S.K.: 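I'd like to ask some things about the structure below.
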Amino acid sequence: MKINRFWSWLALFFGILYFALPLIGTLEFSLRMRRGEYSLDAYRVVLGDPRFQATFSYSVAMAVATIIVGVLLVVPTAYWVQLKLRRWRPIIEFITLLPLVIPPIVIVFGYIRLYNTSSFLPLTGSAWGTNLLLMFGYVVLALPYMYRAVDTGLRAIDVRTLTEAAESLGAGWLTIMTRVILPNVLVAVLSGAFLTFAIVIGEFVLAALLNRPAFGPYLQLVGANRAYEPAALAVIAFSITWVCMGLIQLVTRFQKHTFAKR
Amino acid sequence: MAYLEINDLQKDFAGLRVVKNFNLSVERGEFISFLGPSGCGKTTTLRMIAGFEAPSSGMIRIDGRDVVDLKPNQRNIGMVFQAYALFPNMTVDQNVAFGLKVAGRPKAEIDATVKEMLGLIKLDHLGSRYPFQLSGGQQQRVALARALAIKPKVLLLDEPLSALDAKIRVSLREEIRAIQNKLGITTIYVTHDQEEALSMSDRIVVMNEGRAEQIGAPFDIYNRPATRFVASFVGTLNLLRAVVADPTHGMVEIGRAKIDLGRQLPERKAGDPISVALRPEAVSLAAADGRSARLEGKVRDVSFLGSVIRVNVDVGGDRISLDTFNTPSTPPPVVGETAAVNFAPEDVLILDA
Ligand SMILES: Nc1ncnc2c1ncn2[C@@H]1O[C@H](COP(=O)(O)OP(=O)(O)O)[C@@H](O)[C@H]1O
Ligand SMILES: [Mg+2]
């Protein structure tokens with residue numbers, strides 16, 4: 001028993017070391033821009049860079065759009081699968097997992113072939129068209145996470161009976177969706193949303209190949225040309241992801257106090 | 001015409017007919033139970049009335065209007081589910097108000113109705129609780145209030161008490177019946193529990209394999225079961241093998257004993273094997289007035305149940321179970337002794353062998 005615990009602690013220790021060391025190293029390095037002392041100079045430079053502000057707000061806007069479209073797509077689909085297409089569930093799940101198997105580079109080359117300026121739907125011909133394409137690409141990348149989260153949320157409630165109860169009380173499809181289903185899977189939707197946010201903020205391949213001014217390509221650009229700033233940027237990007245994870249934890253806990261799942 | 005009319009209702013699931021030729025007329029304000037074993041089609045029939053399943057054929061009419069083509073949310077039917085199905089994100093008040101809100105009623109009316117409904121189920125003080133803060137019995141009462149708040153034409157309940165423990169089941173079924181009486185709402189109550197059906201209903205529909213085997217008042221269902229299935233499913237029954245001796249004079253032979261039923265058996269011929277069925281309470285050990293029929297047997301088992309003693313008597317290889325009152329002055333029968341079983345011929349049910 002005692003020995004057992006010792007090995008567990010040791011494993012944990014090495015695990016933490018494995019993940020934490022590079023981070024600590026990066027953090028430490030990012031603070032060394034000024035010679036001989038620690039300072040936040042690298043952060044000041046990065047945050048003051050207008051390209052940082054532009055690319056970051058572009059990616060945030062993209063993330064928000066992706067989340068909205070993703071929720072509108074995934075929640076009704078997952079709901080419908082639970083309600084009427086139980087037998088289809090494995091197929092739908094397989095489809096939602098595909099983006100994990102197919103590399104983004106393949107997806108984006110497919111997009112460029114399909115929607116180039118000489119195609120039936122020349123989305124890449126204009127900036128807004130490309131933005132739209134990029135956003136849909138993000139929706140695809142986030143699909144596995146979003147679908148999982150929402151599906152788990154839906155499984156925790158008795159979708160079918162709740163729907164029927166609401167129907168017998170005179171509710172239509174929209175009312176059921178907005179007043180009964182969505183509020184009960186809100187936490188799941190939010191965790192899906194935060195994951196999506198984290199993915200979109202750091203995404204590189206789609207944005208770079210579609211040539212959009214997103215945060216990911218900017219990270220790469222700075223990383224290739226500067227010494228201390230990339231480290232600061234990496235720390236910032238990590239913090240964003242962590243804040244998202246923390247928010248997921250927070251909303252999950254918050255729900256348990258207001259209403260429990262049966 | 002009846003308030004709720006069901007004609008020749010049928011339902012097929014993937015080629016399997018689970019509801020067959022179902023006919024029923026329900027008067028306004030009546031309390032009807034669907035009683036039958038699990039899988040006999042009670043829920044499916046109820047769901048067709050509610051609109052959650054489309055009938056394969058047949059007609060459903062409520063208050064003179066054909067509802068088969070109406071969606072569930074257009075039928076104005078109150079539904080109570082076994083699993084309560086309260087909206088977890090809403091308080092008790094909000095749950096009860098839901099149907100009225102959807103219908104766009106004015107706020108004052110909603111508030112008044114919610115108050116009235118919570119009074120009806122005696123949960124006035126719990127309006128601001130969430131479902132997870134309530135016991136099962138309380139949740140089901142809220143579900144009832146929510147269904148009643150929209151003043152539905154018909155109230156449907158699908159085994160609403162099965163998830164609750166025995167004590168609450170009994171008190172809640174009395175409460176449901178009282179509320180139903182008070183509001184005079186036409187009600188269909190699905191259950192597999194015969195005691196529930198017998199104690200609550202104006203009429204019972206006994207269902208078996210998708211068919212309505214018998215429709216009648218609890219008294220008739222229990223005392224004059226139309227089929228062997230009804231007789232054996234509702235209540236306990238003692239079955240004795242017998243043979244028709246003389247159909248025109250109502251003579252049957254049970255073992256070596258001949259019994260005069262005092263009524264003709266027009267559908268039977270002499271020599272037909274039949275089953276003679278007796279309810280435990282129709283049989284006694286003491287010979288009393290009017291119990292002219294008598295069979296000899298051996299006491300096999302005596303169990304003391306307090307105010308009642310249950311005695312098992314072997315009559316020609318068939319078991320008869322009967323209850324006698326525990327009277328301190330008379331000692332109970334002893335296992336192994338011979339006993340005479342007495343009953344009135346008119347209490348005898350004749351069933352197919
Ligand atoms: N959606 C369905 N698809 C296929 N078969 C079903 C479906 N619903 C019910 N059945 C079948 O119909 C029969 C009757 O079911 P049900 O009405 O639920 O019975 P009960 O409520 O009396 O227990 C059962 O054999 C059941 O398996
Ligand atoms: Mg059922």
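Per chain, numbering begins at 1; letters A, B, ... match sequence-line order. This one's a predicted model, so the numbers in the text were calculated from it and none came from an experiment.
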S.K.: Do any N or O atoms from the side chain of B:Asn89 and from the backbone of A:Arg179 form a donor-acceptor pair under 3.5 angstrom?
M.R.: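 At least one qualifying donor-acceptor pair exists.
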
S.K.: Could you tell me which portion of B:Leu100 (side chain, backbone, both or neither) has an atom closer than 4.5 angstrom to a non-hydrogen atom of chain A?
M.R.: neither

S.K.: Below 4.5 Å from any heavy atom of chain B, which atoms of A:Thr175 appear? Answer side chain, backbone, both or neither.
M.R.: side chain

S.K.: For the residue pair A:Asn184 and B:Pro88, what are the closest heavy atoms and their distance?
M.R.: OD1-CG, 3.4 Å

S.K.: Non-hydrogen atoms of chain A under 4.5 Å away: do they reach the side chain of B:Arg47, the backbone, both or neither?
M.R.: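 For B:Arg47, the contact with chain A is made by the side chain alone.
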
S.K.: With a 4.0 Å cut-off, would you call A:Glu167 and B:Lys71 a salt bridge?
M.R.: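 Judged by the 4.0 Å cut-off on N to carboxylate O distance, A:Glu167 and B:Lys71 do not form a salt bridge.
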
S.K.: Examine whether an atom of B:Ile150 lies under 4.5 Å from a heavy atom of chain A, and if so say whether it belongs to the side chain, the backbone or both; otherwise answer neither.
M.R.: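 B:Ile150 touches chain A through side-chain heavy atoms alone.
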
S.K.: Can you find a heavy atom in the side chain of A:Ser168 that is under 4.5 Å from one in the side chain of B:Ile77?
M.R.: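 No, their side chains stay 4.5 Å or more apart.
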
S.K.: For B:Asp165, I'd like to know if atom CG has over 12 heavy atoms of other residues, nucleotides or ligands within 6.0 Å.
M.R.: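 Atom CG in B:Asp165 is crowded, with more than 12 foreign heavy atoms closer than 6.0 Å.
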
S.K.: Would you say the side chain of A:Ile181 lies within less than 4.5 Å of the side chain of B:Phe87, judging by non-hydrogen atoms?
M.R.: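 Of all side-chain heavy-atom pairs linking A:Ile181 with B:Phe87, none is under 4.5 Å.
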
S.K.: Between B:Phe98 and A:Val180, is any pair of side-chain heavy atoms under 4.5 Å apart?
M.R.: yes

S.K.: Would you say NZ of B:Lys101 has more than 12 non-hydrogen atoms from neighbouring residues, nucleotides or ligands within 6.0 angstrom?
M.R.: no

S.K.: Find the distance between OG1 (A:Thr161) and CD (B:Gln82) and round it off to the nearest 0.5 Å.
M.R.: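 A:Thr161 OG1 to B:Gln82 CD: 9.5 Å, rounded to 0.5 Å.
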
S.K.: Return the minimal non-hydrogen interatomic distance between A:Gly172 and B:Asn73, and the atom names on each side.
M.R.: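 Here A:Gly172 and B:Asn73 meet closest at CA-ND2, 3.6 Å.
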
S.K.: Of the non-hydrogen atoms in B:Ala85 and A:Ala165, which two are nearest, and what is the gap between them?
M.R.: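 Between these two residues, the closest heavy atoms are O-CB, 4.0 Å.
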
S.K.: Please determine whether the number of non-hydrogen atoms from other residues, nucleotides or ligands lying under 6.0 Å from atom CZ of B:Phe13 exceeds 12.
M.R.: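 Counting neighbours around CZ of B:Phe13, more than 12 heavy atoms of other residues, nucleotides or ligands fall under 6.0 Å, so yes.
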
